[in-house]
Structures are given as structure tokens and as C-alpha cells.
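Note sheet for the following structure.
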Amino acid sequence: MATRVDVTPAAAAMMRQLRGQHGPLMFHQSGGCCDGSSPMCYLDGEFRTGQSDVLLESLKIDGVAEPITFWMSAAQFELWKHTHLTVDVVPGRGAGFSLEAPEGVRFLIRSRLLTSDELAELS
């Protein structure tokens, strides 16, 4: 089954840790500015989404009771709609508003183009 967003085992472990510390989570893919194009992790509902946002995936993470939603602005999605994203976590300073920042790590995106078969399945 084709997906638009996946996570590495290290990112899933950080998500479990953050879920245990803070409660239900969500992501919004930053479109640039101060934090570059970083996936920002928030408490579920802390970042207000609306008609100008696209839900890319409801991530099912082992050990997390509820799905973790992954959002992107509709304008950015228009540019990235042919892209598969993988959320990873690496050592370093996270974005000031993202929940992983105090942990000494930061989430980042690894990307690749979706195949024509994946695009057809996602349509």
C-alpha cells in the first residue's frame, strides 16, 4: 500500500518518547523561513489546521495508541505532491517550537519522488 509519509525506526522511537511525555502528537511540515523545511512536532491540535492545509498521512506508530497526523500547507503540497517523505531524527538542535528540541535531536525529512504506480494508488 502506497503512502505519502513513512518514519524511520529512530523517529518512531522519538515519537513514542514524546507521546509518553506530552500526550497525543501531530506534525506540520514547515515550508521554510526560520526553521527551513522541517517537520514540526506539536501536541495534537496545538497547531491549527484548516482548509489551507492537507492531511498527508495518519501515521500508525507501534506503541502509540492513536495515529499521529502529518499535515502540510496546500500551497506547499502543490509543489511536493509527487514526493514521498520519510521522517527521520538526527542529533542536533531542533526547532524552537517543535517538541523534540529539548531532547538534543531534530526531526528531518528525507524525500524521493513517488513512482507512477504509487501516484496512481494514491489518486
In one Ile/Leu/Val/Met/Phe/Trp/Tyr side-chain cluster, 4.5 Å: [X], [Y]:
{"X": "Ile109", "Y": "Leu79", "answer": "yes"}
{"X": "Leu43", "Y": "Val87", "answer": "yes"}
{"X": "Trp71", "Y": "Leu108", "answer": "no"}

Heavy atoms, side chains only, cut-off 4.5 Å: are [X] and [Y] in contact?
{"X": "Leu114", "Y": "Arg4", "answer": "yes"}
{"X": "Val7", "Y": "Thr86", "answer": "no"}
{"X": "Val89", "Y": "Arg106", "answer": "no"}
{"X": "Val105", "Y": "Val90", "answer": "no"}
{"X": "Leu59", "Y": "Thr69", "answer": "no"}

### Task
Step through the shown structure and confirm whether more than 12 heavy atoms of other residues, nucleotides or ligands are within 6.0 Å of CZ on Arg48.
no

First locate atom [atom1] of [X], then atom [atom2] of [Y], and finally report the distance between them rounded to the nearest 0.5 Å.
{"X": "Gln29", "Y": "Gln76", "atom1": "CD", "atom2": "CD", "answer": "5.5 Å"}
{"X": "Asp44", "Y": "Met26", "atom1": "CG", "atom2": "CE", "answer": "6.5 Å"}
{"X": "Phe77", "Y": "Met72", "atom1": "CZ", "atom2": "CE", "answer": "8.0 Å"}
{"X": "Glu78", "Y": "Ser73", "atom1": "CD", "atom2": "OG", "answer": "10.0 Å"}
{"X": "Arg93", "Y": "Glu100", "atom1": "CZ", "atom2": "CD", "answer": "10.5 Å"}
{"X": "Glu46", "Y": "Leu25", "atom1": "CD", "atom2": "CG", "answer": "10.0 Å"}

#### Entry: Donor-acceptor side-chain pairing of Thr8 and Asp88 below 3.5 angstrom
yes

My understanding is that only residues two or more places apart in sequence, or in another chain, count here; which of them pass side chain to side chain donor-acceptor pair (under 3.5 Å) with [X]?
{"X": "Glu121", "answer": "none"}
{"X": "Trp80", "answer": "none"}
{"X": "Gln51", "answer": "none"}
{"X": "Thr115", "answer": "Glu118"}

### Summary
The ring-ring contact (aromatic ring centres under 6.0 Å, His included) partners of Tyr42 (sequence neighbours excluded) come to Phe47

Side-chain polar contacts of residues 9-22 - donor-acceptor pairs under 3.5 angstrom, sequence neighbours left out - could you list them?
unit_1 : atom_1 : unit_2 : atom_2 : d
Arg16  : NH1    : Asp62  : O      : 2.9
Gln17  : NE2    : Glu103 : OE1    : 2.9
Arg19  : NE     : Glu66  : OE2    : 2.5
Arg19  : NH2    : Glu66  : OE1    : 3.1

### Message
Donor-acceptor pair, distance only, cut-off 3.5 Å: does the side chain of Ser111 make one with the backbone of His84?
### Response
no

### Query
Taking the six-membered ring for Trp, are Phe27 and Phe107 parallel (under 30°), tilted (30 to 60°) or perpendicular (over 60°)?
perpendicular

### Heavy-atom pair with the smallest gap, counting every atom of Cys41 and Ser98
N-OG, 2.8 Å

#### Entry: Test log, rule side chain to side chain contact (heavy atoms under 4.5 Å, CB included), inputs His28 and Asp53
CA-CA 9 Å; His28 194 278; Asp53 296 291; 2.8 Å; yes

